[in-house]
Amino acid sequence: MTSTSPAPGTRATPADQRIAADDAITAALSRIRRNIATFGGAYPDDTTVDDRYQVRPAEGGIPVGGNRGWTTSFRTGMLWLAWEFTGDAAYRDAALVDAADFERRVRAEEDLDTHDLGFLYTLSTVAAWRLVDDEDARQASLLAADHLMRRFLEPAGIIQAWGDLSDPAQRGRTIIDSLMNMPLLTWAHEQTGEGRFADAVARHTAQLREHILREDDSTFHTFYWDAETGEPLRGATEQGAFDESCWARGQAWGIYGFAMNYAVTGDERLLDASRRCTEYFLRHLPADEVPFWDLVYTDGSDAPRDSSAAAIAVCGLLELAKVETDAARAAEWTARAHAMLASLIANYTPATPEDSDALILHSVYDLPKGNGVDEGTLWGDYFYLEALMRVARPTWRKYW
Ligand code: GLY
């Protein structure tokens with residue numbers, strides 16, 4: 001790992017964290033500015049290769065650098081955060097170019113067969129609406145929410161994760177990441193008053209709480225329902241070590257996603273689910289607070305870390321602390337989030353600007369498929385910057 005100080009496992013004091021956060025924000029913003037110059041309107045790929053982002057390859061009729069897949073909006077989200085940090089119009093203008101492209105994508109119905117419409121449209125067009133009142137962006141966000149609703153399966157009461165709804169391999173399958181896609185539907189409910197959006201959020205999150213969270217407080221990555229009868233069938237993994245293991249990023253999505261959906265549904269079982277995901281995650285961290293890519297690995301393992309899971313967990317813990325009804329627990333979630341962020345800053349950022357164009361190093365996309373192992377990732381970078389925003393400006397209003 002590229003390391004400055006303190007050494008891995010050393011917890012920074014609160015004063016150290018404040019200083020490190022300021023320096024970390026400056027370093028992150030200079031990388032984002034450089035990436036604007038490098039990529040312009042073209043999108044980088046999901047992960048770095050040897051710590052450098054490449055332009056997104058062509059696929060499925062979408063040209064090189066085009067807006068496809070589930071991760072392009074993390075670049076847009078970083079641009080919005082950079083604008084909020086600095087007030088520099090160059091970041092806002094670049095974010096608006098992306099938002100217009102997301103509007104084009106949904107109107108052209110390009111690469112929309114995914115529940116990740118939530119990730120894609122929350123950080124691009126919903127953020128544009130929230131931050132600069134862009135009416136075209138609002139309309140595009142509502143269209144995306146409508147598309148997401150087409151994936152709601154009755155009688156199971158779940159939103160199918162991946163692929164065409166008629167694909168037998170994907171039919172009735174959910175994944176824990178989907179909790180982060182619900183805010184698009186919550187936002188659509190707030191905008192339109194249509195109960196179908198809120199009903200889908202309440203039912204989908206309750207089903208995941210019931211079936212994707214296991215008795216020992218770990219989570220399955222994916223879970224299948226019988227799409228015809230609605231019967232819950234079985235848990236499995238796609239990106240974890242094995243079906244019964246606990247994929248680190250999935251557990252982090254659970255911390256953040258259950259907390260956010262508790263806040264909007266008021267369903268106490270979701271608060272409990274977020275706490276349980278948190279406790280399991282924290283119990284399985286190595287000494288330097290950044291998890292291995294799957295929580296079956298612990299101190300002494302030479303398995304790769306997933307720094308993106310830590311960045312998501314920091315944001316999730318800070319969100320959980322906000323909605324937590326028990327003050328002592330809220331203080332604990334905040335302290336652990338700060339310790340994890342301090343380790344990310346000290347141990348997982350590039351030591352020099354030349355080392356990488358990612359904000360944080362040492363993430364894993366999909367180890368079983370050998371995809372993006374020990375690399376920077378667009379989502380790791382986004383959640384790291386969101387974590388810095390949450391710490392530097394505690395009154396910041398999230399895009400989710
Ligand atoms: N949402 C896909 C992932 O976390 O890799």
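In listed order, ligands and their atoms are each counted from 1. This is a predicted model, so every value here is computed, not measured.
- One finds no salt bridge joining D133 and R138 here, because no Lys/Arg side-chain nitrogen approaches an Asp/Glu carboxylate oxygen to under 4.0 Å.
- Geometrically, R214 engages F220 in a cation-pi contact defined by less than 6.0 Å to the ring centre and at most 45° from the axis.
- Through ILVMFWY side-chain contacts below 4.5 Å, V97 is grouped with nothing and stands alone.
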Report every pair formed by an N or O atom of ligand 1 and a protein N or O atom separated by less than 3.5 Å, giving atom names and the distance to 0.1 Å.
unit_1: ligand 1; atom_1: 1 (N); unit_2: D177; atom_2: OD2; d: 2.5
unit_1: ligand 1; atom_1: 4 (O); unit_2: D177; atom_2: OD2; d: 3.2
unit_1: ligand 1; atom_1: 4 (O); unit_2: R249; atom_2: NE; d: 2.9
unit_1: ligand 1; atom_1: 4 (O); unit_2: R249; atom_2: NH2; d: 3.4
unit_1: ligand 1; atom_1: 4 (O); unit_2: W253; atom_2: NE1; d: 3.1
unit_1: ligand 1; atom_1: 5 (O); unit_2: Q239; atom_2: NE2; d: 2.9
unit_1: ligand 1; atom_1: 5 (O); unit_2: R249; atom_2: NH2; d: 2.6

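- A salt bridge links R104 to D101: at least one charged side-chain nitrogen sits closer than 4.0 Å to a carboxylate oxygen.
- Under a 4.0 Å N-O distance rule, the pair D146/R196 qualifies as a salt bridge.
- With respect to D50 and R52, no salt bridge is recorded, no charged nitrogen being found less than 4.0 Å from a carboxylate O.
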